[in-house]
Q: 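Structure incoming, see below.
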Amino acid sequence: MPAMAMATPSSKASCLLLPSPPPARPSMLLAKKRTQRHRTLSCRASVHFDRRDMLLAGLTGVAAGGLGAYPGHAATEDTSTEVCPRGEKVTDKLLACQENGQKPCPPTSPTVFDFTPPTGPMRLRQPAHLADAGNVEKYRKALAAMKALPDSDPRSFASQAAIHQAYCDGHYRYDPTKVDAPFDVHFSWIFAPWHRMYIYFYERILGSLIGDDAFALPYWNWDAPAGMSLPDIFKDTGSPLYDAKRNPAHLDAYVNLDILNADDTIIPFDPQAVQYNQVVQNNLCTLYVQMMRNSKAQHFLGDKFCARYPGTVSSGTSGSLESMAHTSVHVWAGDPASSELGHDGQQHTGADMGFLATAGRDPVFYSHHANVDRMWHLWATKLGRTNFDDPEWLDTSFVFYDEKPQLVRIKVRDVLDASKLKYGYDEREPLQWMGARPTPLLLRKGGAAATTTTRKLRGAAPAPTFPLTLKEGQSVVVPSVPMPKAAAAGGGGKKQPDTVLVFDGIEFEPSKGAKFDVVINVPPEHAASAGPRHSEYAGSFATLPRGGNKPGETVVVALVLPLDEVLADIGVGDEEGTVNVVIVPRTQGIKIISPPRIETRER
Ligand code: C2O
C-alpha cells in the first residue's frame, strides 16, 4: 500500500458534482444510429486462411522467453494482425474442462438445446439496499433451497459457484487438441456477455426453486452514495446470503471503487449522511470515467479475445467495465486473511470475492455482477453507446444448465438486450456519476487548469529505459511523448478521430493482483495523489488474482486508454506537441515492455 500522499493542491475543487444527471445529449442518441464496423488497430480483415496455421508459421524460430516470444511487442509496429486479426470466436466445442484434483467442471450431457428467448413475466431487479422485504425473503428461501441441493446437481449453489471457478482458474482449456491454453472469461470482450449469461441462469434457477417465475436478483447499487457499502441483507450471519470470508474491516465502510489509491482510508458508512466525503466523490468520478469517457465498445467492454497460444501475448484487454469499479469491489470485499488453493496449486489470498476462483462462493458476487450487468445495460441504453457488431463476438457461445436442468447453448447475440431476456432494472437512485466529471488536480491562481507549460518538468530525471519494472511507490515520468497532429484538443475538423494512449505490452503475474495508474502532465511529486477525480487521470491497469497459470508464469496484455477528454480538460493544445505520461505503480513488479505512445484511431 502506498504511503498517504500529501494534501493535493486542489483538494477543494476536485470533481465537480452536479445534483442531478444532465439529460442525454442528442449526440448520444445519434451514436445509436452509427452502424460503422468496429475497428481495432490491427483490424485488417484480409486473412482468409486458417489463423492457427498462420500463427504457427509465424512462430517458427521464435525462442521461448524474452521479448522475441511476444510477436507484436518487440517491434514498434503492431504485427498482431498475423496472430489474431479479428478476435476469435469461442464456442463450447473449442473448450474442454479439466478437473485437476478439484471439482469445478459441470456434468456433461449428451443433449444440448439451443437457447430460445424466455416467455413469462418480467423480472425486475431491485437495488439491494432498497429491496422490499418480500423480495429479500424470496431470495433467502430460494438460496436456502439451492444450497440444500446435492453438490452433484448442476443447480446447486456449489455447482453454480464452480462454474465461475472452472471458467477463470484454468480448468477450461482452449482447443486442447491444438493449443491447450487456459481459457478465461475475463480480460477480453467476453467478460460482459458471459457474466450476463451466468447470472441469467442463476436467477432463473432460484426462481424455479421457489416456484416464482418473476423472481429477480437484488443488485448491489454501489454506484449510488446510499448503496456504497455491503448491503445489509448479506450481513446476517444466520442467512443463506451470508459468507464468512469477507474483509472484516470493510463490512460497515464505504466501498472504494478505485482500490489501492492514495486515499485508501476506511470511512465508516453512514446511511443517514451519505453525502460527499472524499470516498464518495472519488467513487462517482471513477464511475464517470468508466461509463462516460469510455464510450467505444473496445474501451468499455474490452478488446477482442485471442487465444493464448504458447509464446504469444495473452488474450485481449479488459475494458473499463471490468477493470475499474468491478475489480475494486472484488478486492475490497474479499478477506485478505483468508486464502484458497488455485488450479496452479498455490494458495491465493483474498477469498472469497477477492480471488477469481472462489468469488462465486459468496452470494454477494451475484448481486455485484447484477450491478456490473446494469452498468453495461445503462451504457448501451441510457447512454446510447454501440456494442461490437463483429460476428466473432456475436457468435461466441457457451453452454449453461438452465432451471430444468437442461444444457443450453447460448450466444453473445442472444444476450444483448435485457428486455428480450425478460429482466430489467428498477432504477430508484439518481445516476449522480453522470455529472461527476473530473476536475484538474493542478490549478493556476485564477482557478483555471494549469497549462502544460507551467507543468513542464524542471530539472527532469532522465527518461526511463524499457522494459521497465515498476516499483510500488515510485512514479515514473515518460517525458515528451509525441502527439499526432489531430490529437490535441480543439483541433477543428468535423470528424475528429479518437486519440488513445497505448501500452503495447504489460507483463505481470496473474496469480497476484496488479495495478498502476496513468496520469498526464503531473509532476512526479504530485502524481501519487492524482486519481479518477482529477482531469489528469487517464486510466488504470488493474487485475484480480487468478490461479489458472503455472506458478510464476507471467502474461502480457495491452492497455488502450481514451485520451481526448483528458487533453481537452487539462488544456493541452496542438502547439504543445508532446505530453508527459506519468506511470503511478500501486503494486510491485509489473513490467512495461515498451514505451507508451499516443496515436489517433478512426472512430
Ligand atoms: Cu468473473 Cu467479477 O468476475
Side-chain angles (χ1 to χ4, degrees), residues 90 95 97 104 106 128 159-172 182-203 217 219-223 230 234 243 245-247 255-259 286-287 290 300-302 305 314-335 340 342-343 348 350-377 396 398 400 412 415 510-511 513-515 540 542-549 557:
V90 178
L95 300 180
C97 192
S159 294
Q160 291 296 304
I163 294 172
H164 196 258
Q165 179 180 7
Y167 275 106
C168 67
D169 201 41
H171 295 280
Y172 271 103
F183 173 75
D184 200 309
V185 291
H186 304 88
F187 315 116
S188 79
W189 65 7
I190 289 173
F191 171 78
W194 185 88
H195 287 81
R196 176 169 286 183
M197 296 167 184
Y198 179 33
I199 63 171
Y200 167 80
F201 289 109
Y202 174 79
E203 177 175 75
L217 276 172
Y219 66 86
W220 182 357
N221 199 175
W222 36 247
D223 58 306
L230 182 74
F234 295 100
D243 184 55
K245 292 179 181 172
R246 293 175 184 150
N247 190 334
V255 63
N256 179 356
L257 301 182
D258 175 45
I259 205 84
T286 301
L287 289 158
Q290 167 180 318
F300 182 71
L301 296 174
F305 170 81
S314 173
S315 60
T317 298
S318 305
S320 61
L321 177 68
E322 178 182 357
S323 68
M324 297 187 73
H326 160 261
T327 289
S328 293
V329 171
H330 273 284
V331 175
W332 182 88
D335 184 358
E340 291 284 343
H343 180 276
H348 299 265
D352 282 330
M353 275 285 276
F355 174 44
L356 283 178
T358 54
R361 297 178 194 173
D362 186 339
V364 83
F365 172 95
Y366 306 89
S367 290
H368 172 41
H369 268 278
N371 204 41
V372 174
D373 185 76
R374 174 174 157 265
M375 291 289 125
W376 180 23
H377 176 68
T396 283
F398 297 96
F400 287 89
V412 169
V415 301
S511 62
K515 188 184 185 210
S540 299
T543 70
L544 199 59
R546 68 163 174 206
N549 297 78
V557 298

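Order of listing sets the numbers, starting from 1, for every ligand and every atom in it.
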Q: Just checking: H186, one of its N/O/S atoms, less than 2.8 Å away from atom 2 (Cu) of ligand 1, yes or no?
A: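 H186 does not place any N, O or S atom closer than 2.8 Å to atom 2 (Cu) of ligand 1.
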Q: How open is the angle at atom 2 (Cu) of ligand 1 from atom NE2 of H330 over to atom NE2 of H326, rounded to 10 degrees?
A: 90°
Q: Can you measure from CE (M353) to CH2 (W332) and round to the nearest 0.5 angstrom?
A: 9.5 Å
Q: Is H164 close enough to atom 1 (Cu) of ligand 1 to have an N, O or S atom under 2.8 Å?
A: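 Given the 2.8 Å cut-off, H164 counts as a ligand of atom 1 (Cu) of ligand 1.
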Q: For the ring pair H186 and Y167, is the centre-to-centre distance below 6.0 Å?
A: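 No, the ring of H186 stays outside the 6.0 Å limit from the ring of Y167, centre to centre.
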Q: Taking 2.8 Å as the cut-off, does H195 contribute an N, O or S atom near atom 1 (Cu) of ligand 1, distance below it?
A: yes
Q: Give the ring-plane orientation class for H343 versus H171, where under 30° counts as parallel, over 60° as perpendicular and anything between as tilted.
A: perpendicular
Q: State the CG-CG distance between D223 and N371, to the nearest 0.5 angstrom.
A: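 CG of N371 is found 5.0 Å from CG of D223.
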